Amino acid sequence: MKIATWNVNSLKVRLPHVLDWLAANQPDALCLQELKLEDKGFPVAELQAAGYNAVFNGQKTYNGVAILSPHPLEDVVRDIPGFSDEQKRIIAATVNGVRIVCGYFPNGQAVGSDKFEYKLRWLGALTEWLRAELTAHPRLVLGGDFNIAPEDRDAHPDWKDEIHVSAPERAAFTALTALGLVDAFRLYDQPERAFSWWDYRMGAFRRNFGLRIDHLLVSPALQPACRACTVDKAPRKLERPSDHAPVVLDLEV
DNA sequence: ATGGCGGGAGAATCCCGA
């Protein structure tokens with residue numbers, strides 16, 4: 001089973017890239033973030049024609065998440081239960097007996113800002129929900145744009161801002177791994193300076209000035225099935241790319 | 001020191017992302 005996550009920064013603009021990527025990679029589940037469209041504008045027919053079902057949780061202009069799969073998507077949950085939030089950042093579904101939680105984590109803007117406080121509250125609510133979700137669904141993958149670089153090696157050495165690498169954000173990431181979830185990317189040898197996001201400005205992709213902020217976390221019950229986890233930089237090299245690249249997990253299930 | 005790119009909404013000297 002192949003599970004991937006990709007922040008597409010507007011599904012309307014990136015739909016051709018997504019369709020090409022689906023055809024080339026044939027994932028069993030693809031988590032998308034930053035759709036930037038309302039549910040009534042979701043490209044259901046185009047994806048269906050490509051052989052993919054979709055569940056989605058969108059809003060105008062900002063945020064928005066979806067899970068695509070050629071298989072049935074069951075037991076769909078939208079938003080973090082019990083957490084009051086206008087922003088559409090969570091969708092979960094079960095595919096072939098694997099619980100998939102797709103999240104677009106808040107950016108946080110700047111350490112200490114109101115948006116940063118929201119980010120930490122959101123992370124706390126997510127963690128408590130996942131504690132229960134893991135009990136109900138031991139075979140679980142949490143995928144998405146976390147907007148957190150978990151370790152120093154996950155940010156370019158010249159990264160100057162504190163946001164995405166601050167101690168409170170990393171503590172929140174550690175709270176997720178304390179549930180038993182493991183960062184699948186770090187189960188394997190990886191190239192140095194492996195990132196999943198590069199700023200559009202400053203020739204950042206060409207210089208590999210980036211962050212690794214898109215992750216696939218795997219529950220204990222699924223960890224023995226993990227076989228590989230990689231960043232696919234190919235879509236970042238296309239015309240009019242997303243600023244993020246897909247991260248792909250291979251599971252032997 | 002600043003903004004640098006890109007998407008979106010809608011007409012801004014705009015907002016937001018990471």
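Throughout, protein chains are lettered first and strands after them, A, B, ... in sequence-line order, and every chain is numbered starting at 1. The structure presented is a predicted model; accordingly, all values stated were derived computationally and were not measured.
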Just call it for [X]: base, sugar-phosphate, or nothing, with non-hydrogen atoms closer than 4.0 Å on any strand.
X: A/Leu211; value: sugar-phosphate
X: A/Asp199; value: nothing
X: A/Lys115; value: sugar-phosphate
X: A/His244; value: sugar-phosphate
X: A/Asn7; value: sugar-phosphate

Residue pairs involving residues 23-35 of chain A (criterion side-chain hydrogen bond (donor to acceptor under 3.5 Å, both in side chains); sequence neighbours excluded):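 The answer is A/Thr5-A/Gln33, A/Asn7-A/Glu34, A/Asp28-A/His71, A/Glu34-A/Tyr104.
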Taking atom [atom1] in both [N] and [M], compute the distance separating them and give it to the nearest angstrom.
N: B/dC15; M: B/dG4; atom1: P; value: 13 Å
N: B/dA9; M: B/dC16; atom1: C1'; value: 12 Å
N: B/dA18; M: B/dG3; atom1: C1'; value: 15 Å
N: B/dG8; M: B/dA12; atom1: C1'; value: 14 Å

Whole angstroms only, please: what is the OH-C1' distance between A/Tyr104 and B/dC16?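 It is 8 Å, rounded to the nearest whole Å.
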Only pairs with both distances under 3.5 Å count, Watson-Crick or wobble alike; so what is the partner of B/dG7 in this structure?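 B/dC15 is the nucleotide pairing with B/dG7.
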